[in-house]
Amino acid sequence: MQNVKLIDHPLVRHSLTILRDKNTDTETFRRHTAIVSQIIIMEASRKCKLSKKTIETPLTSTTGYEIYRSMVFVPVLRAGISMLVPARDFLPWTPVGFIGLERDEKTAIAHQYYEKFPENIEKKLILVLDPMLATGGSVSETIQRLREKGGKRIALACIVAAPEGIRRINTEHPDVMIYTTAIDDHLDERKFIVPGLGDFGDRYFGT
Ligand code: PRP
Ligand code: URA
């Protein structure tokens, strides 16, 4: 496996444990999704460029910094929405593109039902948001569609990744960096991540 940044931190381990616990209620699940997502966004935005600017404090002038507005967020509907709100809190001006993909329950193959991307994404750092990387089918399709629209610099922010999904992204999109808080053991026969946390969308949206 390559191009994968595993983000480990006591806060992440604590929140992930709560997310994995099948007895966690929806409200708590949402709260800890936000905590973990913000930590991932902090890491994924580490390479954002800064410009210098002079500002006046109440005491003197000093040099400050401003982040270039160079990112685009692309949450994969529906579960990716859960990471959008925490991401937007840090970078509230960031344009957002959407793609809707849903896995067939029997084949685990994702089919696309929606797409709307911002214009002029060629020079932007596009951060795909999807909490679960299982077979990698949904994210691979998303990256492919973004490339067809001119996207060049693409990274993935996810919460739990399976080795199968990481290997697929490595093979099909070798330049894409994956930021994740967990690399789990394997996929089961239904292509669910083990130990995983179950169906993320159902748990987050209470369906
Ligand atoms: C889940 C998850 C990912 C996808 C991962 O979405 O949110 O998008 O499965 O699986 P993959 O790597 O094998 O493609 P799902 O299709 O269940 O739709 P949802 O977000 O609407 O719940
Ligand atoms: N999608 C989920 O929500 N969970 C999994 O384990 C795999 C795909």
Side-chain angles (χ1 to χ4, degrees), residues 1 3-4 6 15-26 28-30 32-34 36-37 40-41 44 73-87 96-117 126-147 151 154-174 176-207:
M1 285 185 276
N3 285 353
V4 55
L6 178 63
S15 289
L16 262 181
T17 303
I18 291 165
L19 291 176
R20 290 187 192 279
D21 188 335
K22 68 176 184 182
N23 295 314
T24 297
D25 63 31
T26 305
T28 311
F29 193 90
R30 289 178 177 172
H32 287 278
T33 295
V36 169
S37 299
I40 299 170
I41 304 301
F73 295 137
V74 177
V76 180
L77 301 176
R78 131 194 96 133
I81 291 282
S82 66
M83 302 177 80
L84 178 61
V85 176
V96 181
F98 291 92
I99 187 163
L101 288 158
E102 188 173 15
R103 292 199 327 174
D104 181 284
E105 281 187 13
K106 289 206 177 69
T107 63
I109 295 171
H111 80 274
Q112 187 181 341
Y113 59 87
Y114 185 75
E115 178 180 304
K116 191 123 196 156
F117 297 139
I126 302 166
L127 190 61
V128 175
L129 309 173
D130 192 338
M132 306 301 277
L133 180 68
T135 65
S138 305
V139 166
S140 186
E141 179 69 18
T142 300
I143 296 168
Q144 184 56 36
R145 292 296 302 140
L146 286 165
R147 290 210 196 286
I154 303 172
L156 167 68
C158 66
I159 294 177
V160 179
E164 292 89 335
I166 295 172
R167 280 195 286 268
R168 179 162 178 177
I169 301 304
N170 286 169
T171 304
E172 296 179 5
H173 306 286
V176 168
M177 188 70 193
I178 300 167
Y179 297 90
T180 185
T181 44
I183 300 175
D184 274 11
D185 200 50
H186 65 279
L187 298 177
D188 69 8
E189 63 287 349
R190 291 188 310 145
K191 307 294 183 197
F192 268 74
I193 302 173
V194 182
L197 49 75
D199 187 310
F200 190 98
D202 283 351
R203 296 193 66 193
Y204 186 88
F205 292 107
T207 47

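In what follows, residues are counted from 1 in the order of the sequence shown. Indexing begins at 1, ligand by ligand and atom by atom, following the structure's order. No experiment lies behind these values; they were computed from the predicted model shown.
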Between [X] and ligand 1, does any nitrogen or oxygen pair lie at a separation below 3.5 Å?
X	result
P131	no
A134	yes
Y113	no
D202	no

Under the side-chain contact (heavy atoms from CB on, under 4.5 Å) test against [X], which residue among [options] passes?
X	options	answer
T181	V160, L16, L19	L16
I154	L146, L127, T142	L146
V76	V128, L156, I81, L129	V128

Query raised in the report: Atom CE in M1, atom CD1 in I183: separation rounded to 0.5 Å?
Result: 5.0 Å
**Report entry** I159, I109, D199: member with heavy atom nearest to atom 17 (O) of ligand 1
**Finding:**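 Residue with the shortest heavy-atom distance to the ligand atom: D199.
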Query - Nearest option to atom 11 (P) of ligand 1, as decided by whichever heavy atom of T135, L133, T207 sits closest - result: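 Ranked by closest heavy atom to atom 11 (P) of ligand 1, first place is T135.
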**Report entry** atom 1 (C) of ligand 1 protein-contacted, heavy-atom criterion under 4.0 angstrom
**Finding:** no
Query raised in the report: Are any of the protein's heavy atoms under 4.0 angstrom from atom 6 (O) of ligand 1, yes or no?
Result: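 Protein heavy atom within 4.0 Å of atom 6 (O) of ligand 1: absent.
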Check whether any N or O atom of [X], backbone or side chain, sits under 3.5 Å from an N or O atom of ligand 2, and answer yes or no.
X	value
M132	no
F192	no
A134	no

Hey, does [Y] have a side-chain heavy atom less than 4.5 Å from the side chain of [X]?
X	Y	value
R78	T207	yes
P131	M83	yes
N3	V176	no

Requested in this report: Look at ligand 1 and say whether K191 reaches it with a heavy atom at a distance under 4.0 Å.
Outcome: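 Under 4.0 Å: no for K191.
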Requested in this report: Could you establish whether K191 and ligand 2 come within less than 4.0 Å of each other, counting only heavy atoms on the residue side?
Outcome: yes
Query raised in the report: Any heavy atom of P131 sitting closer than 4.0 Å to ligand 2?
Result: no
Requested in this report: Report, in ascending order of atom number, the atoms of ligand 2 lying under 4.0 Å from any heavy atom of I193.
Outcome: 5 (C), 6 (O)
Query raised in the report: For ligand 2, is any non-hydrogen atom under 4.0 Å from R103's backbone (N, CA, C, O), its side chain (CB onward), both, or neither?
Result: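 The answer is the side chain.
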**Report entry** Part of A110 with heavy atoms under 4.0 Å of ligand 1, whether side chain, backbone, both or neither
**Finding:** neither
Query raised in the report: Do D21 and T24 have side-chain atoms, one donor and one acceptor, less than 3.5 Å apart?
Result: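 No - no donor-acceptor pair under 3.5 Å links their side chains.
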